[in-house]
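Lettering of chains follows the sequences in order, A, B, ..., and the numbering in each one begins at 1.
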Number of protein chains: 2
Amino acid sequence: MVEGAVVGGTPVSAAKSRIVSAATALFGEHGVGGTSLQMIADAIGVTKAAVYHQFKTKDEIVIAVAQAELARVAAVLDSAVAQPDPMAAREVLLSGMVDLAIARRHLESALTSDPVLNRFFAQHEPFLTLMDRLYLVLLGEDSPDARLSGAMLTAAIGGAVMHPMLQGLDDAALRAQLLRLARRFLGLPG
Amino acid sequence: MVEGAVVGGTPVSAAKSRIVSAATALFGEHGVGGTSLQMIADAIGVTKAAVYHQFKTKDEIVIAVAQAELARVAAVLDSAVAQPDPMAAREVLLSGMVDLAIARRHLESALTSDPVLNRFFAQHEPFLTLMDRLYLVLLGEDSPDARLSGAMLTAAIGGAVMHPMLQGLDDAALRAQLLRLARRFLGLPG
DNA sequence: GTCTATATAACGATAGAC
DNA sequence: GTCTATCGTTATATAGAC
């Protein structure tokens, strides 16, 4: 991430983004609750105090990590809606979501399953709006029905990549199968 | 790493099962990492020392809780394979899995997304065998393909019930929709 | 089986110097 | 922006009495 970059509408300093980057890796490996401020500080070679200078609380770091991940999803969604037709948009979105999930593996579900974060996002308007836009592209409609389908599919992709039974599967095979099954789930050809 | 408290068949003391029961509720509400031994002890009205008398470490409690949940899945699976034909078995299993996920809501995904637990079960033979049996009934075949489908479906059900966007949905509606989408996912009629 | 009491370590968080 | 030093709290875990 470049200095002066903007994520989620907030300008990000180099120090801040180093922290977010380290925290992202640690959350994926040890979970949110299993990651301490000390671990984050050690990972980037500074003291806890230096970390606290950038973020007042641990919760702020958790939120920042989650929002950075959300920004990745938003970027994929933006590139999808830029496609000439809804069919192509859906393909780009689906493919991008699978790629994201595989690239991050453990992280996504470590975040979405964190109780604190879960309650936060349940009332976080930008998140809810993003998901609505995403489901609209994915399913072609905005309805309670489409929302459940969308939630199930994203949960399925996120959960499958970290499932104990599939940890031996290589990325390429996982990607191909996830796409195939997601298409079947959506009732798409292919 | 950790040696679990014993699975089904082995008798469990009243004190042990009270701890497991309290821990189950707390893990579902605060996550595994967010639940301390003090919280568990307080919930059943004893001291930490009493808890430690039953379980040498916190990890042992986590494993015991997970295995108790696994036993519920195994019970559903057993009642499914007792059905007269594969079609009926699949229906019973699917219905039972959805019921379990809804009844426990947050718990299932709090457990399956815990990094420590995840690594434990990835090498836990009884778990892997149970999942293989489950996927066989669900999909009618045992193959890498079926495993991914099964993992995706279980992840989808577990993830959907705790998804931020679906927390307002009542149980009956959630159940009906989950069953409908699961059937579509499996390529079943209805 | 449960208690009181305690050991030891880590936690989140802050103050103030540089 | 980073440091040393520290606060107050909580964590896991143990020892020994009842």
Nearest-angstrom distance from the residue atom [atom1] of [X] to [atom2] of [N]:
| X | N | atom1 | atom2 | answer |
| --- | --- | --- | --- | --- |
| B:Ile19 | D:dT12 | CD1 | C1' | 15 Å |
| A:Ile44 | D:dG1 | CD1 | P | 12 Å |
| B:Gln38 | C:dC3 | CD | P | 11 Å |
| B:Ile40 | D:dA11 | CD1 | P | 11 Å |
| A:His30 | C:dC11 | NE2 | P | 12 Å |
| B:Lys58 | D:dA11 | NZ | P | 9 Å |
| B:Asp42 | C:dC3 | CG | P | 11 Å |

Under 4.0 Å between a side-chain N or O of B:Ser36 and OP1 or OP2 of D:dA11?
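Looking at the OP1 and OP2 atoms of D:dA11, one of them is under 4.0 Å from a side-chain N or O of B:Ser36.
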
Has B:Thr47 got a side-chain N or O lying under 4.0 Å from the OP1 or OP2 atom of C:dT2?
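Negative; the distance criterion is not met.
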
*Residue-level proximity of residues 48-57 of chain A to DNA chain C when a heavy atom falls under 4.0 Å*: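 Here the set is A:Lys48, A:Ala49, A:Tyr52, A:Lys56, A:Thr57.
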
Check your understanding: If you check every side-chain atom of A:Val46, which of D:dG1, C:dG1, D:dC3 has the closest atom?
Key ->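 Nearest nucleotide to the side chain: D:dC3.
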
**Q.** side-chain hydrogen bond (donor to acceptor under 3.5 Å, both in side chains) contacts in which one or both residues fall within residues 80-90 of chain B, not counting sequence neighbours
**A.**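 Those involving residues 80-90 of chain B do not exist here.
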
So does [Y] get a backbone contact from the side chain of [X], meaning a donor-acceptor N/O pair under 3.5 Å?
| X | Y | value |
| --- | --- | --- |
| B:His124 | B:Pro126 | no |
| A:Thr24 | A:Val20 | yes |
| A:Arg184 | B:Phe185 | yes |

Once you apply a heavy-atom cut-off of 4.0 Å, does B:Gly45 come out as touching a base, just sugar-phosphate, or nothing?
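Counting heavy atoms under 4.0 Å across all strands, the contact made by B:Gly45 is with sugar-phosphate only.
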
Open item on the list: Side-chain heavy atoms nearer than 4.5 Å, only ILVMFWY residues, links allowed to pass through others: does that put B:Met87 and B:Leu188 together?
Closed with: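 B:Met87 and B:Leu188: separate clusters.
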
Report task. Determine, stepwise, if the pair B:Asp42 / B:Lys48 fulfils salt bridge (Lys or Arg N to Asp or Glu O under 4.0 Å). Result -> CA-CA 8 Å; B:Asp42 288 348; B:Lys48 279 188 295 181; over 6 Å; no

Just by distance, no angles: are the side chains of B:Ser36 and B:Gln38 close enough, under 3.5 Å, to form a donor-acceptor pair?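 Note: B:Ser36 and B:Gln38 side chains miss the donor-acceptor criterion.
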
